[in-house]
Amino acid sequence: SQQGEEDPQALSIQEGENATMNCSYKTSINNLQWYRQNSGRGLVHLILIRSNEREKHSGRLRVTLDTSKKSSSLLITASRAADTASYFCATDAISSARQLTFGSGTQLTVLP
Amino acid sequence: DSGVTQTPKHLITATGQRVTLRCSPRSGDLSVYWYQQSLDQGLQFLIQYYNGEERAKGNILERFSAQQFPDLHSELNLSSLELGDSALYFCASSVGAGQETQYFGPGTRLLVL
């Protein structure tokens, strides 16, 4: 079963705009990670946020975590055509230590 | 390039057959994870090995088995293949036993005809 569910399933924006993706999960977690996958390729780790953190930045990425609402958001600022990919959240649930459970992903398309 | 290698890149086989997928983790990583990605099931965790020992088990079928060797490379064996086993199989590695960043290989695309 999937712990995390991303929203929206697909997002299409113009280059230069910001993209926001959301992830909701069901159980208490140790941390939450965001990964990116270009079509048919392996996943690339973007950022990890621990359960005691509320916000984290990495370059053009900003991740927030609200453990009370069991949700996270990934913001990509000033998007580029090269950001076109699928984005997945993955949770490391306290009840299933060491297993990452991935959501269904958001397909982001950035139009030039 | 994550540093995780997987072979082969593509595999086409027939139902009922058996295949072996191979993964070499990043240098220094002790954990290896196997995932299956299909259109209908998404990305599913199969199994994890840490320093040669099975550490965690996910949605792995009894027809599937894995092992991690002393040099830390891992193999995933899929037997009695069915059409529904067609998927991308990813290997990932991490330094420790869990709760940390995993580095994914490029995957093996399996097609069962």
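Just so we're on the same page: letters track the sequence lines, and every chain starts at 1. Predicted, not measured: the structure shown is a model, and the values here were computed from it.
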Where do A:Leu100 and B:Tyr35 land on the side-chain contact (heavy atoms from CB on, under 4.5 Å) test, with the steps shown first?
CA-CA 10 Å; A:Leu100 278 186; B:Tyr35 293 88; 3.5 Å; yes
What about A:Leu46 and B:Val4, same hydrophobic cluster or not, with Ile/Leu/Val/Met/Phe/Trp/Tyr joined at side-chain heavy-atom distances under 4.5 Å?
no
A:Ser104 side, atom OG; B:Gln41 side, atom CD - distance, nearest 0.5 Å
12.0 Å
Neighbour count >12 (heavy atoms, 6.0 Å) for atom CD, A:Gln14:
yes
d(B:Gln102 CD, A:Leu43 CG) to nearest 0.5 Å is 10.0 Å
Count I, L, V, M, F, W, Y as connected when their side-chain heavy atoms are under 4.5 Å apart, and connections chain through other members. Are A:Ile47 and A:Leu108 then in the same cluster?
yes
Structural part of B:Gln6 lying under 4.5 Å from a heavy atom of chain A:
neither
Before we go on, tell me: are the rings of B:Phe45 and A:Phe102 under 6.0 Å apart, centre to centre?
no
Check this for me: A:Arg80, atom CZ, are more than 12 non-hydrogen atoms of other residues, nucleotides or ligands nearer than 6.0 Å?
no
Please output the residues of residues 34-42 of chain A in contact with chain B, using a heavy-atom cutoff of under 4.5 Å, in numerical order.
A:Tyr35, A:Gln37, A:Gly40, A:Arg41, A:Gly42
Honestly curious: do B:Leu46 and B:Phe90 fall in one hydrophobic cluster under the side-chain, below-4.5 Å linking rule?
no
For A:Gln9, is the CD atom crowded, meaning more than 12 foreign heavy atoms sit under 6.0 Å from it?
no
Should the heavy atoms of other residues, nucleotides or ligands under 6.0 Å from CG of B:Leu83 be counted, would the total exceed 12?
yes
Hydrophobic cluster identity match, A:Leu74 and A:Ile49, side-chain contacts under 4.5 Å
yes
